[in-house]
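Take a look at the structure set out below.
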Amino acid sequence: MTTKFAETEQRQDTVKHVGRPVDRVDGRAKTTGEARYAAEHRYPGMAHAALVHATVARGRIEAIDTEAARAVPGVIEVLTHENAPPMKPAPKTSLMNPSSLASGTSVPYLGTDEVHWNGQPVAVVVAETPETARHAASLVRVAYRELPAVVDFAAEEPNAQPQKGNVLQPAGGDKGDAVAALAAAPVSVDLRFTTPPEHHNAMEPHATIAVWDGDHLTVHESTQNIAWLRAHLALRFGIPERAIRVLSPYVGGGFGGKGFVWAGTLLAVLAARATARPVRLALTREGVYRTVGGRTPTVQRVALGAGANGDLTALIHTSVATTGRIGGMPEGVISSSQHLYDAATIHLRQRIVQLDLLANTAMRAPGDSVGSFALESAMDELACELGIDPIELRRRNEPARNPMDGKRFTHRMLREAYELGAERFGWRERDPRPGSMRDGRWLVGMGVATAYHSSLTMPASVTVRLAADGTVVVRCALQEIGVGAATVQAQIAADELGVPLEAVRVEIGDSELPAGPGAGGSAQTASAAAGVLDACRKLKESALALARRAPDSPLRGRRLAELEARDGGLHHGGRGETYTAILARAGRDHLEAGGGTGMLKFLARTLNERRRWVKGASGAHFCEVRVDRDTGEVRVSRWLGVFDVGRVINAKTAAAQLRGGIVMGIGMALSEATQVDPRTGRVMNPSLSEYLVPVHADIPRIDVQWLDVPDPTTPLGLLGIGEVGITGVAAAVANAVRHATGRRVVDLPITLDKLLEVHGSPGRPG
Ligand code: MOS
């Protein structure tokens with residue numbers, strides 16, 4: 001990169017722990033079972049709750065009979081809209097109000113006789129054991145007066161309304177007249193894609209333990225956002241935030257499903273208040289499907305026009321997605337189409353239908369995961385149409401600046417990613433003719449697709465404390481959703497202070513700690529890192545201030561900029577002093593410093609950055625499939641992802657994150673779909689036996705590589721890795737299947753029925 005940025009930080013010289021494949025600091029606790037997750041805590045007198053779910057999509061409760069449930073020995077209470085204590089309504093959504101952003105839905109659970117989706121909790125049974133609670137819940141009888149409900153996405157999709165965008169997430173954009181350019185293009189493709197609803201299926205289902213002590217509330221929760229949860233609970237239960245403690249040190253996967261506050265959490269807290277008992281509500285897998293939103297289904301159109309040489313003259317990408325009538329945020333389906341190709345004209349538009357279903361929610365790379373399936377499939381089809389290699393087509397249309405508005409990229413290495421990937425994957429051996437590569441009864445196909453995900457940071461506060469014995473404690477209410485959150489911050493603090501990794505302890509997962517960012521938007525690590533670096537720098541300043549005054553210190557008269565932090569202290573050339581020595585001389589038992597930014601400063605900086613440049617993590621996926629020539633069975637046989645994610649902090653956890661994204665993308669490509677009954681709006685496959693996620697036998701060895709060039713504008717140069725891995729994956733599979741079979745499958749998932757002869761020609765619109 002030749003571009004200069006004021007924020008550039010070069011710290012390559014002192015790197016010791018950053019970049020290494022460091023083992024997780026909590027690995028032993030997790031593998032020995034010593035780590036306790038939300039549902040695993042025990043309190044004296046703790047009761048267990050189970051939910052009763054509505055069986056109509058929309059209506060009013062006419063009668064609710066809890067007698068049989070109450071008669072079960074061990075049942076403590078059955079709460080319904082007739083007897084539940086009141087809860088304050090959900091606040092109106094506002095960017096400036098974190099407690100409002102946290103709402104999963106706007107429904108006042110048990111505060112109304114209205115039913116807004118099929119599955120909404122209409123009663124909570126509290127009992128001495130989970131089994132009793134569940135059994136009694138099955139005995140609650142509810143009579144409904146049904147009201148008309150709109151639940152069929154496929155039927156409603158033509159009535160979609162234009163979506164309003166905002167500065168952070170535009171819902172469309174135009175450059176030139178793409179419609180005219182498409183009509184005039186010598187070569188074009190015009191495809192319609194559909195993707196189904198999907199659900200997260202974290203290994204640990206959502207769980208809450210709520211304990212009231214007078215007006216003080218303690219909540220053990222499996223959450224991706226401790227700060228939002230606490231603010232939201234304060235508002236709904238009418239108590240100050242300081243009267244609430246949220247504990248969430250371990251979370252068994254989130255993927256966006258635990259980023260917001262859903263019914264189970266609120267109802268556990270409500271039930272604990274109503275029964276004056278600690279209450280534990282661990283959702284069943286079905287309970288997660290009924291009460292926690294998933295990914296929106298989409299219908300998309302991508303039309304591309306090009307000259308015979310492959311230069312794009314028109315790029316059109318439009319989408320229809322859903323939100324619930326009772327909440328959910330529109331997903332940025334066309335987002336990455338703003339940044340990927342240097343087309344002469346571009347037309348992007350998102351539309352929305354509101355349905356009487358549970359609200360959608362963020363799910364790993366919301367918008368981008370499904371949007372990239374459409375765009376990257378269409379690019380591949382255009383390559384076929386042109387007779388140009390798909391990597392070459394992308395290379396030709398690689399933009400020097402952001403295609404929509406000419407803003408600079410802070411960082412862009414897609415060409416390098418494809419080059420390295422093609423070499424490593426053996427792309428040259430690919431015979432471009434469909435169906436030409438065989439391995440016995442298998443048709444072999446190779447496909448590529450681009451990954452892209454915008455980079456984001458959030459506000460975070462951090463404190464760092466250095467004790468006289470040289471040990472360091474970093475404190476931030478981070479969420480460990482399985483990514484190595486504490487581990488990477490320990491590496492960063494150790495390097496910044498120049499102390500051994502073993503000397504650093506990172507405290508996370510507790511709302512009593514300085515407020516962390518949420519674990520979402522691929523932003524947690526960079527956001528917290530900014531605070532850690534800031535606090536460490538201030539801490540070193542404090543240490544130096546003590547030493548500089550001492551006549552016998554080798555650091556006397558020095559400025560921090562001249563010094564190197566290493567070997568447990570500060571050094572200038574061969575002379576220096578350990579922190580321990582500095583503190584001992586000064587008679588101090590510790591030093592402490594805080595770092596980070598507040599919400600206002602963060603928003604101002606983010607908007608300023610968005611005006612100036614475009615920043616994202618990206619990558620090139622290489623997929624090889626084998627398709628059974630008779631049954632249409634698709635097996636992914638090889639995978640390579642080459643990523644440009646800026647600086648990698650931990651080679652081990654980063655690889656795991658990127659690989660996990662690819663696995664989830666393979667599920668999206670080949671098997672995952674939430675089946676919603678178009679008549680009743682009920683999820684029909686709320687279990688892992690019917691909603692098919694990939695298992696080990698479905699996944700080949702996944703080769704993950706990264707370019708490891710720091711971004712010049714982010715703390716430590718990292719761009720975020722949680723979501724970019726899944727983007728483009730479904731397209732890479734679809735493109736490999738196209739190569740193997742000649743079939744362009746445009747409807748996810750790519751199940752074998754879509755490849756059988758009986759379906760006639762592949763799904764190309766006429
Ligand atoms: Mo996420 S979908 O930002 O957990």
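Nothing here was measured: the structure is a model prediction, and the numbers come from that model. Indexing begins at 1, ligand by ligand and atom by atom, following the structure's order.
Counted by atom type alone, Glu221 and Thr223 present zero donor-acceptor pairs between their side chains at under 3.5 Å. Side-chain atoms of Glu331 and Thr296 form no donor-acceptor pair, as typed in the model, at a separation below 3.5 Å.
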Show the distances, to 0.1 Å, for all pairs joining an N/O atom of ligand 1 and a protein N/O atom that are shorter than 3.5 Å, listing one pair per line.
unit_1: ligand 1; atom_1: 3 (O); unit_2: Gly521; atom_2: N; d: 2.5
unit_1: ligand 1; atom_1: 3 (O); unit_2: Glu723; atom_2: OE2; d: 3.3
unit_1: ligand 1; atom_1: 4 (O); unit_2: Gln224; atom_2: NE2; d: 2.8
unit_1: ligand 1; atom_1: 4 (O); unit_2: Gly256; atom_2: N; d: 2.9

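Aromatic ring orientation, His339 versus Tyr452: tilted (interplanar angle from 30° to 60°). Between His199 and Tyr289, the two ring planes are tilted [angle within 30° to 60°]. Classification of the Tyr37-Tyr250 ring pair by plane angle, with boundaries at 30° and 60°, yields tilted.
Evaluation of the side chain to side chain donor-acceptor pair (under 3.5 Å) rule for Trp706 yields no partner, not counting sequence neighbours.
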